[in-house]
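The structure appears below as structure tokens.
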Amino acid sequence: MGSKAKRQKAEEVLSRIKCFDIDPRGLCSDLPLSRLQLVEIARALACDPRILILDEATSALTAADSEKIFELCGTLRDQGVSILYITHHLREVDLLADTCSVFRNGERIETFAVGTRSQKEIISMMIGRPISKLFPEKKGILADQKDKTLSVEHLSWHNKLRDVSFTISPGEIVGLGGIDGQGQKDLLFALFGVLRHVRATVKIGASNLPLKGPSALINLATKSY
């Protein structure tokens with residue numbers, strides 16, 4: 001197959017998953033993780049498979065891209081393709097599957113028709129204990145904390161970070177969520193003083209933190225404690 005035919009084939013399979021922002025002439029090494037995941041799915045479709053195995057297919061995708069994969073699975077099923085869809089997202093199981101098998105530690109726990117088990121029952125099969133024992137009880141004392149260990153107001157950096165504000169109280173855990181490349185690392189680099197031209201008001205305790213380099217953060221954090 002010549003280069004032109006290969007490019008046309010690539011364009012065809014990418015269009016099947018409605019991914020029109022990938023140039024078939026480009027390098028995969030230049031693509032972000034979400035686009036690489038779509039390329040992997042497109043490559044599988046290029047073989048016109050009768051059985052398609054998807055393992056955590058939406059783990060790095062946006063909600064919009066995930067919907068494209070769900071639509072693709074429905075289309076392929078209607079065309080007679082068998083799909084083995086591996087996921088820990090129960091919404092995707094309810095949305096896509098006809099039959100569900102729960103595995104834990106390499107062992108099949110149970111197979112059942114979708115809709116015949118509640119989400120609590122499925123989660124209990126997955127973790128091997130009642131869901132009520134999954135998380136420890138929260139004491140609810142953090143809401144009364146007035147002192148803030150870290151306070152960030154209106155942090156912005158070029159077009160990557162826009163008006164980010166949050167606070168952290170003593171003993172509190174704050175999680176940063178999102179798919180790869182959505183600004184989580186940039187935010188931490190900004191607070192650490194690695195990035196230039198960051199606009200923000202940042203305080204550790206009652207002291208303002210100048211975002212002028214890691215040494216400023218280290219010195220201030222050491223003095224605060």
Side-chain angles (χ1 to χ4, degrees), residues 10-24 26-46 49 51-79 81-103 113-115 117-127 131 134-135 152 154-167 173-191:
E11 291 173 347
E12 175 190 338
V13 293
L14 287 171
S15 67
R16 291 180 66 182
I17 57 175
K18 299 182 179 180
C19 187
F20 304 107
D21 59 342
I22 297 178
D23 186 351
L27 298 176
C28 285
S29 58
D30 295 332
L31 296 175
L33 181 59
S34 62
R35 302 298 95 182
L36 285 174
Q37 191 135 343
L38 291 174
V39 168
E40 287 290 339
I41 296 173
R43 185 169 66 174
L45 293 178
I51 300 175
L52 180 65
I53 301 175
L54 297 175
D55 186 1
E56 300 291 354
T58 62
S59 59
L61 302 184
T62 64
D65 284 335
S66 296
E67 291 297 328
K68 296 176 184 177
I69 300 305
F70 301 155
E71 183 178 345
L72 171 68
C73 288
T75 300
L76 292 174
R77 178 172 57 185
D78 293 343
Q79 294 173 353
V81 177
S82 299
I83 300 175
L84 178 60
Y85 192 93
I86 304 169
T87 183
H88 65 278
H89 295 294
L90 297 186
R91 171 181 174 270
E92 296 180 2
V93 174
D94 291 337
L95 184 64
L96 298 176
D98 300 301
T99 303
C100 176
S101 289
V102 176
F103 278 72
V114 170
R117 297 289 187 274
S118 68
Q119 286 200 356
K120 286 186 177 181
E121 290 174 319
I122 296 174
I123 293 174
S124 295
M125 294 180 204
M126 292 169 63
I127 64 176
I131 189 173
L134 181 58
F135 299 109
V152 178
H154 310 298
L155 187 149
S156 298
W157 179 64
H158 298 300
N159 64 338
K160 299 290 187 179
L161 300 170
R162 294 183 292 275
D163 198 28
V164 178
S165 299
F166 63 93
T167 60
I173 298 175
V174 175
L176 301 177
I179 64 174
D180 184 63
Q182 298 305 300
Q184 305 95 310
K185 291 183 180 179
D186 294 328
L187 174 60
L188 298 180
F189 284 145
L191 293 176

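We number each residue from 1, following the sequence as shown.
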Residues, nucleotides or ligands: over 12 heavy atoms within 6.0 Å of Phe189 CZ: no

Contact check, side chains of Arg35 and Asp21, non-hydrogen atoms, under 4.5 Å: yes

Heavy-atom check, side chain of Asp78 versus side chain of Thr75, under 4.5 Å: no

OG1 on Thr58 to CD1 on Ile69, rounded to 0.5 Å: 8.5 Å

Leu95 side chain near Tyr85 side chain, heavy-atom distance below 4.5 Å: no

Rounded distance (nearest 0.5 Å) linking atom CG of Leu52 with atom SG of Cys73: 7.0 Å

Separation between NZ of Lys120 and CG of Leu90, rounded to the nearest 0.5 Å: 13.0 Å

Taking every non-hydrogen atom, the tightest pair across His154 and Ser165: N-OG, 2.8 Å

Pair His88-Glu56, side-chain donor/acceptor within less than 3.5 Å: yes

Backbone of Asp163 reached by a side-chain donor or acceptor of Ser156 within 3.5 Å: yes

Test item: Thr99 and Val114 side chains (from C-beta on) under 4.5 Å apart, heavy atoms: no

Interatomic spacing from CG in Asp55 to OG1 in Thr87 - rounded to 0.5 Å: 9.0 Å

Ionic contact status for Arg77 with Glu71, cut-off 4.0 Å: no

Lys68 versus Lys18, closest heavy-atom pair with distance: NZ-O, 2.9 Å

Nearest atoms (heavy-atom pairs only) where Cys28 meets Leu36: O-CD2, 3.2 Å

Leu14 vs Phe20 side-chain heavy atoms within contact, under 4.5 Å: no

Evaluation steps, side chain to side chain contact (heavy atoms under 4.5 Å, CB included), between Leu76 and Arg16: CA-CA 10 Å; Leu76 292 174; Arg16 291 180 66 182; 3.6 Å; yes

Non-hydrogen atoms of Leu61 and Ser66 that approach each other most closely: CB-OG, 3.7 Å

Backbone N/O of Asn159 and side chain of Arg162: donor-acceptor pair under 3.5 Å: yes

For Ile41 against Leu54, the heavy-atom pair lying closest together: CG1-CD2, 4.2 Å

Steps toward side chain to side chain contact (heavy atoms under 4.5 Å, CB included) verdict (Leu176, Leu188): CA-CA 10 Å; Leu176 301 177; Leu188 298 180; 4.0 Å; yes

Side-chain touch His89/Val93, heavy atoms, less than 4.5 angstrom: no

Nearest-0.5 Å distance that lies between atom CE in Met125 and atom CZ in Phe103: 13.0 Å

Atom of Leu72, atom of Leu45 and distance for their closest heavy-atom approach: CD2-CD1, 3.8 Å

Gap separating the CD1 atom of Ile51 from the CG atom of Leu84, nearest 0.5 angstrom: 9.0 Å

